[in-house]
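Note that the structure is a prediction, hence the values are computed from the model and not measured.
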Amino acid sequence: MSRLHCIVTTFIVATAIAAPSLLRAQRADAPEVLFRLDDIGMNHSVNLALEQVAKTGMPISATVLFVCPWYQEAVEILKKYPHVTVGVHLALNSEWRDYRWGPVLGMGGVPSLVDSVGYFLPSTRAFLASKYDLGEVERELSAQVERALRSGLKITFVDAHMGMAWATPQLREVTERVAKKYGLGISTYFGES
């Protein structure tokens, strides 16, 4: 758990140093800095780290990987902290060698997006080199958003896990259509990193 805390802390500090002017509030009562925690729902440890940060009451947003096995625990944690802004961390890849996940629609629903055992491909390079179908990408990203909306959380935006959902102009167009269809914002469109 100490390595995870180090990663979360590094992310929070790096965000605060690198992008405070990009996160400046537009309303007088809004915070000047909003910390982002992503990969929520990936596993139990990540969810526990989210809860520890959420308990502080500091302004945070969290992006949930609704394709991962632990997303349901993340949803239950986030329901206790309504001050946390929640987004969908759109996933088209599964980068860990010994811990993998696949699409909400399953192998049969989006066969061009998965490997031979039904998991997402491990990297941007592998995904882009595959013969993925843009229609399947749109259906899968829509399914991820729909799962998020059914969770009972107030979902306000999407972003891309490891940048996959906008790695090409065509993928970016698909992501924009999905966000527009559900009335969601798209994070990182304003220069934040």
task: Answer yes or no: is there a donor N or O on one side and an acceptor on the other, between the side chain of Ser94 and the main chain of Trp101, under 3.5 Å?
output: yes
- request: Ignoring hydrogens and angles, tell me if any N or O in the side chain of Glu140 forms a donor-acceptor pair with the backbone of Val104 under 3.5 Å.
  value: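 Judged by distance alone, yes, a pair lies under 3.5 Å.
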Set of side-chain contact (heavy atoms from CB on, under 4.5 Å) partners for [X], sequence neighbours left out:
| X | value |
| --- | --- |
| Ala148 | Phe66, Val88, Ile155 |
| Thr85 | Ser61, Thr156, Phe157 |
| Pro82 | none |

Ring pair (Phe, Tyr, Trp, His ring centres under 6.0 Å) partners for Tyr182, two or more places apart: none
Would a 4.5 Å heavy-atom cut-off, applied to side chains only, mark [X] and [Y] as touching?
| X | Y | answer |
| --- | --- | --- |
| Leu65 | Ile40 | no |
| Leu121 | Ser130 | yes |
| Ile186 | Glu176 | yes |
| Leu113 | Leu92 | yes |
| Tyr99 | Pro69 | yes |
| Val137 | Val110 | no |
| Glu173 | Trp166 | no |
| Val53 | Met58 | yes |

- prompt: Using a distance-only test with no angle check, is there a side-chain donor-acceptor pair under 3.5 angstrom linking Gln144 and His89?
  reply: no
task: Determine whether the side chains of Lys131 and Ser112 contain a donor N or O and an acceptor N or O closer than 3.5 Å.
output: no
Pairs touching residues 114-143 that satisfy ring-ring contact (aromatic ring centres under 6.0 Å, His included), sequence neighbours left out: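 Every pair satisfying ring-ring contact (aromatic ring centres under 6.0 Å, His included) with a residue in residues 114-143: Phe127-Tyr132.
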For a quick test of reading the model, state the closest non-hydrogen atom pair linking [X] to [Y] and the distance between them.
| X | Y | result |
| --- | --- | --- |
| Val178 | Ser142 | CG2-OG, 3.7 Å |
| Met42 | Glu95 | CE-OE2, 4.0 Å |
| Gly102 | Val67 | O-CB, 3.6 Å |

For residues 71-81, run the donor-acceptor check on the side chains, cut-off 3.5 Å, and write out each pair with its distance to 0.1 Å, sequence neighbours left out.
from  : atom 1 : to     : atom 2 : distance (Å)
Glu73 : OE1    : His44  : ND1    : 3.1
Glu73 : OE1    : Asn47  : ND2    : 2.8
Glu73 : OE2    : His44  : ND1    : 2.7
Lys79 : NZ     : Ser151 : O      : 3.2
Lys80 : NZ     : Glu51  : OE2    : 2.7
Tyr81 : OH     : Glu51  : OE2    : 3.1

